[in-house]
Visitor: 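The structure is given below, and queries will be raised subsequently.
Values in this document were obtained by computation on a predicted structure and should not be read as measured data. Chain A is the first sequence line, chain B the second, and so forth, proteins listed ahead of strands; every chain is numbered from 1.
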Protein chains: 2
Amino acid sequence: MAGMVTNKACIVRLSRYKNALYRLKSLGFVKVFSDNLADAADVTPSQVRKDFSIFGVTGNKRGGYVIDDLIESLNRILGKNVTQNVIIIGAGHIGGALMNYQGFEKENIKILAAFDIDPAKRQSTGIPIYPLEELEPFIKNNKVRIGIVAVPDVAAPRVMEILVNNGVKGILNFAPIRLKGKDDTVISNVNLVMELENVIYFVNAQEKTSKGRG
Amino acid sequence: MAGMVTNKACIVRLSRYKNALYRLKSLGFVKVFSDNLADAADVTPSQVRKDFSIFGVTGNKRGGYVIDDLIESLNRILGKNVTQNVIIIGAGHIGGALMNYQGFEKENIKILAAFDIDPAKRQSTGIPIYPLEELEPFIKNNKVRIGIVAVPDVAAPRVMEILVNNGVKGILNFAPIRLKGKDDTVISNVNLVMELENVIYFVNAQEKTSKGRG
DNA sequence: TAGATTGTTAATCGATTAACAATC
DNA sequence: TAGATTGTTAATCGATTAACAATC
């Protein structure tokens, strides 16, 4: 059945296709072939057609795909036809950066509110910042399903617990610990130090290799 | 030969092992078995031994691994025995958050400086912030190899060009476009909107599935 | 020694790519 | 129609897991 995909890499590619399609559209294109889109998204044409096939997204044999239709289909699959409400817990540097990040709105993601234990950080920037005690009632009253955790690592498990116990189903976690939730909780850990560590490893590895060659 | 690994997932796991080992060490453990470490890092014991095998990291048959030795080995593989100098381009919200992020220092990563086109953002927070014109000479004078790109997407390709042309080999990119460098440039794209989009997709997918079941 | 754990090889699994029949 | 592109199936590739001989 369509929609039963658990392969994260595939979903990441759908987002990439969507972004590439917006770009192509802004350049004046109306149609694409799997070939063009593959180029734009930096994958193989087979991959494009395979991914679409998985989700039942079809084009026209010989005629390629209509960009507007494709964007529409991808947006529907990615749940972007409905505004997604999100809260941020932790209004420190990372949380603050996310509150001020301009990229969410045009992707139909709405930051409803932020929460912080420290009253000093509770200065409004358009998005209301509430004390942590209001987190639980806020989630319940607003049926929040998605949360961004940007608190220090010692605070993360406790925050996590509050979120999960009150119905939050998806968490994007910036605390440098691996959070585990219930079975039906979707958790994505973004560890900035680890990302950098990885880049450093591959740079070093490459340097060794090229020295070995030269 | 050891060290010739291009599998990103494997390197990510090495970082995870390292972090798990620090945690185990702080709990008073001196040795671990692949079994324990697998538990702590949320992988299979086979995976742990296989990963170590790839890098020639060995333990004692019957006796497991000495945590201190293991940490030492992993740090060496990940290039953490040398302080890694990094610069940040773009001192906006994301760049500013990274400048103030406390996690880098204890991982032996040093943010040397930040750069921004906007003089208004150039207020020191311990890390010097320079105008963009100084980026090129700074990279050369300090032999910078790693850069974090946190500028708006329109500015990213130009910044990228300056970095690559002056010898930067690794880039962690927060601009919401896929940067491509030369063949020997390591680029890791972190797209926050896409990360959130993914979480949203999987939450929605799960909801549909459980409704279908119930 | 007997028992337990490593290190490595073989088996499995899943994802990507290639191939090609269907068809516009 | 002839030619080109999709949609899907089969082949390939690579990564993970299982199994087990080596050995402490």
Visitor: Taking atom types as modelled, is there a side-chain donor on A:Asn204 or B:Arg145 under 3.5 Å from an acceptor on the other?
Guide: yes
Visitor: Hey, does B:Ser46 reach any base, or is it just sugar-phosphate, or nothing, if we go heavy atoms under 4.0 Å?
Guide: base
Visitor: Of all residues at least two apart in sequence or in a different chain, which pass the side-chain contact (heavy atoms from CB on, under 4.5 Å) check with B:Ile117?
Guide: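 Residues passing side-chain contact (heavy atoms from CB on, under 4.5 Å) with B:Ile117: B:Leu132.
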Visitor: Could you list the residues that satisfy side chain to side chain donor-acceptor pair (under 3.5 Å) with A:Thr58, not counting sequence neighbours?
Guide: none
Visitor: Would you grab the first and last nucleotide of DNA chain C (5' to 3') that comes under 4.0 Å of any non-hydrogen atom in chain A?
Guide: C:dA15 to C:dC24
Visitor: Going by heavy atoms closer than 4.0 Å, what residues in residues 28-37 of chain B are next to DNA chain C?
Guide: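 Heavy-atom cutoff 4.0 Å gives B:Phe33, B:Ser34.
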Visitor: Could you identify which residues of residues 59-67 of chain A place a heavy atom less than 4.0 Å from some atom of DNA chain C, listed by residue number, or say none?
Guide: A:Lys61, A:Arg62
Visitor: For B:Tyr101, enumerate each residue passing the ring pair (Phe, Tyr, Trp, His ring centres under 6.0 Å) test, keeping only those at least two apart in sequence or located in another chain.
Guide: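 Checked B:Tyr101 against ring pair (Phe, Tyr, Trp, His ring centres under 6.0 Å); matches are B:Phe104.
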Visitor: For DNA chain C, just give me the dot-bracket, please: Watson-Crick or G-U, both distances below 3.5 Å, ( ) intra-strand, [ ] crossing earlier pairs, | paired with another strand, . unpaired.
Guide: ..||||||||||||||||||||||
Visitor: To check you understand the geometry: which heavy-atom pair defines the closest contact between B:Asp51 and B:Cys10, and what is its length?
Guide: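 Scanning both residues, the minimum pair turns out to be OD1-SG, 3.5 Å.
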Visitor: Classify A:Ser53 by what it touches in the nucleic acid, base, sugar-phosphate, or nothing, heavy-atom distance under 4.0 Å.
Guide: base
Visitor: Tell me, please, which residues at least two apart from B:Thr185 pass side chain to side chain donor-acceptor pair (under 3.5 Å).
Guide: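 Partners of B:Thr185 by the side chain to side chain donor-acceptor pair (under 3.5 Å) criterion come out as none, since no residue qualifies.
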Visitor: Run the side-chain donor-acceptor check on residues 28-44 of chain B: report pairs under 3.5 Å with partners two or more places apart or on a different chain.
Guide:
from, atom 1, to, atom 2, distance (Å)
B:Ser34, OG, B:Arg49, NH1, 3.0
B:Asn36, OD1, B:Phe33, N, 2.8
B:Thr44, OG1, B:Gln47, N, 3.1

Visitor: Considering residues at least two apart in sequence or located in another chain, which fulfil the side-chain contact (heavy atoms from CB on, under 4.5 Å) criterion with A:Arg178?
Guide: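 Testing A:Arg178 for side-chain contact (heavy atoms from CB on, under 4.5 Å), a comparison that skips the adjacent residues, returns A:Asn189, B:Arg16.
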Visitor: Ignoring hydrogens and angles, write down the donor-acceptor pairs under 3.5 Å from the side chains of residues 147-165 of chain B, residues two or more places apart or on other chains.
Guide:
from, atom 1, to, atom 2, distance (Å)
B:Asn165, ND2, B:Glu161, O, 3.3

Visitor: For B:Phe52, check ring pair (Phe, Tyr, Trp, His ring centres under 6.0 Å) against everything at least two apart and list the hits.
Guide: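 Checked B:Phe52 against ring pair (Phe, Tyr, Trp, His ring centres under 6.0 Å); matches are B:Tyr17, B:Tyr65.
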